[in-house]
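Basis for what follows: all heavy atoms, side chains included, without hydrogens, waters or symmetry-related copies.
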Amino acid sequence: MLSLAHLTFMQAGPLELISLAEAGGFDAVGLRLIDPAPEAAFFPVVTDAGLRRRTKAALEATGLTLLDIEAVWLWPQTQVPKLRPALEAGAELGARNLLVAGNDADRNRMTDRLAELCGMAREYGMGVGFEFIPYTALNSLAFAQEILKAADQPNAGLLIDALHLARSGGSPADIAAIDPALIAYGHLCDAPASSPGLEGLRAEARGARLYPGDGGLPLADFLNALPADKPIALEAPSAAYGHDDSERARRAGAACRAVLASIGRG
């Protein structure tokens, strides 16, 4: 399954994003329903029943599935019960997964919150993709594994982003050493081989990624290290590809398929 993550076209509403995913030949989309900021405000799909109905109809009309909803960040002040409306909305749309990141220096609290959130997601038939980001408290693949194992939730797995892996000092060999059962899915993008430095990581991740094949990340090794049956989502927000979103979506989809074909997963 090849999905289009919402961050790739963050300015797009859900209906537009679904249209872009169809134009790019993707199989699925991810929708941002929750603001990752500490106050965790909801986006309109959660609060607008009419928009939810139209979004569901668009998914059905295009044949696209909803790989995940995002993004829950586990801050010190996160209150898991308050997130239930977003999970209810996601379940109504057929979401398979909930994307969760960690930004709490208290590892025990982060572990407990993750376990609590996994329990809630399980009520709605969702898995949890637990993502590390090098400029947050949960800053490495190894640390994410530790928290995931401590939480010990059957519906949780690692979400491994090609850029975050590289910028945290990790490599595809680190993925290959993980029990495949601990991996939920992957985020695909490209970037220059050299890092912009710690202070530049957030800006790069949120607006200066490249489409697969346009940078220097070891994407073939990254994809080969991921279990072949796991979904892949393109997360590549960038200002480098012009302003025609439909053309950008087609180019992005073609770039993803080309790199997958290069490793025999065309």
Side-chain angles (χ1 to χ4, degrees), residues 1-18 20-21 26-48 51-52 55-56 59 64-75 78-80 82-104 110 113-114 117-118 120-122 124-133 135-138 144 148 155-164 183-189 202 205-207 209 230-237:
M1 178 186 293
L2 182 61
S3 183
L4 178 62
H6 206 154
L7 189 61
T8 306
F9 293 96
M10 194 59 243
Q11 81 287 354
L15 301 178
E16 183 184 357
L17 186 73
I18 291 167
L20 291 171
F26 291 87
D27 307 304
V29 292
L31 290 178
R32 179 157 288 197
L33 303 191
I34 307 162
D35 191 323
E39 60 270 18
F42 296 142
F43 285 91
V45 174
V46 177
T47 57
D48 186 335
L51 180 57
R52 280 200 308 280
T55 301
K56 185 174 183 179
L59 289 168
L64 296 172
T65 58
L66 184 54
L67 174 63
D68 58 8
I69 57 172
E70 57 166 305
V72 173
W73 279 45
L74 299 176
W75 299 91
T78 297
Q79 298 181 52
V80 170
K82 290 187 175 182
L83 298 169
R84 187 174 292 276
L87 272 68
E88 290 176 344
E92 183 178 337
L93 296 172
R96 296 185 176 201
N97 297 285
L98 174 68
L99 191 159
V100 179
N103 204 16
D104 188 344
M110 183 160 56
R113 294 268 172 78
L114 175 63
L117 190 54
C118 288
M120 184 184 292
R122 199 158 51 244
Y124 297 97
M126 290 184 206
V128 169
F130 192 44
E131 183 176 24
F132 68 93
I133 300 174
Y135 52 85
T136 69
L138 190 76
L148 190 69
N155 61 328
L158 296 164
L159 169 51
I160 305 176
D161 182 295
L163 178 66
H164 296 331
I183 298 174
Y185 52 108
H187 272 169
L188 183 63
C189 70
R202 186 177 185 276
R206 294 186 57 80
R209 302 190 191 208
K230 303 297 183 181
I232 298 292
L234 176 73
E235 187 172 76

Leu74 and Leu117: CA distance, side-chain angles, deciding distance, side-chain contact (heavy atoms from CB on, under 4.5 Å) verdict: CA-CA 10 Å; Leu74 299 176; Leu117 190 54; 4.2 Å; yes
For the residue pair [X] and [Y], what are the closest heavy atoms and their distance?
{"X": "Cys189", "Y": "Ala162", "value": "O-CB, 4.1 Å"}
{"X": "Ala21", "Y": "Leu64", "value": "CB-CD1, 3.7 Å"}
{"X": "Gly129", "Y": "Ala184", "value": "CA-CB, 4.2 Å"}
{"X": "Gly30", "Y": "Ser3", "value": "N-OG, 3.7 Å"}
{"X": "Ala86", "Y": "Leu33", "value": "O-CD1, 3.8 Å"}
{"X": "Pro36", "Y": "Trp75", "value": "O-NE1, 2.8 Å"}

[atom1] of [X] to [atom2] of [Y]: how many Å apart, nearest 0.5 Å?
{"X": "Glu92", "Y": "Leu87", "atom1": "CD", "atom2": "CG", "value": "13.0 Å"}
{"X": "Leu83", "Y": "Leu98", "atom1": "CG", "atom2": "CG", "value": "8.0 Å"}
{"X": "Thr78", "Y": "Asp104", "atom1": "OG1", "atom2": "CG", "value": "7.5 Å"}
{"X": "His164", "Y": "Phe132", "atom1": "NE2", "atom2": "CZ", "value": "8.0 Å"}
{"X": "His6", "Y": "Leu20", "atom1": "NE2", "atom2": "CG", "value": "9.0 Å"}
{"X": "Leu17", "Y": "Thr8", "atom1": "CG", "atom2": "OG1", "value": "8.0 Å"}

Between [X] (side chain only) and [Y] (backbone N and O only), is there a donor and an acceptor less than 3.5 Å apart?
{"X": "Lys230", "Y": "Gly186", "answer": "no"}
{"X": "Asn103", "Y": "Ala137", "answer": "yes"}
{"X": "Asn97", "Y": "Leu67", "answer": "yes"}
{"X": "Asp161", "Y": "Ile133", "answer": "no"}

Side chain proximity check, Leu31 to Phe43, heavy atoms < 4.5 angstrom: no
Check: Phe9 and Glu16 side chains under 4.5 Å, non-hydrogen atoms: no
Salt-bridge criterion met for Glu235 and Arg209 (N-O under 4.0 Å): yes
Partner set under salt bridge (charged side-chain N to carboxylate O under 4.0 Å, His left out) for Arg113, not counting sequence neighbours: none
Residue pairs passing the side chain to side chain donor-acceptor pair (under 3.5 Å) test where at least one lies in residues 29-45, sequence neighbours excluded: Arg32-Glu70
Verdict with reasoning, Leu159 to His187, per side-chain contact (heavy atoms from CB on, under 4.5 Å): CA-CA 7 Å; Leu159 169 51; His187 272 169; 3.7 Å; yes
Full working for side-chain contact (heavy atoms from CB on, under 4.5 Å) between Val45 and Ile69: CA-CA 11 Å; Val45 174; Ile69 57 172; over 6 Å; no
side-chain contact (heavy atoms from CB on, under 4.5 Å) between Thr65 and Asp27, worked out: CA-CA 7 Å; Thr65 58; Asp27 307 304; 5.6 Å; no
Tyr185-Arg96 side chain donor-acceptor pair, cut-off 3.5 Å: no
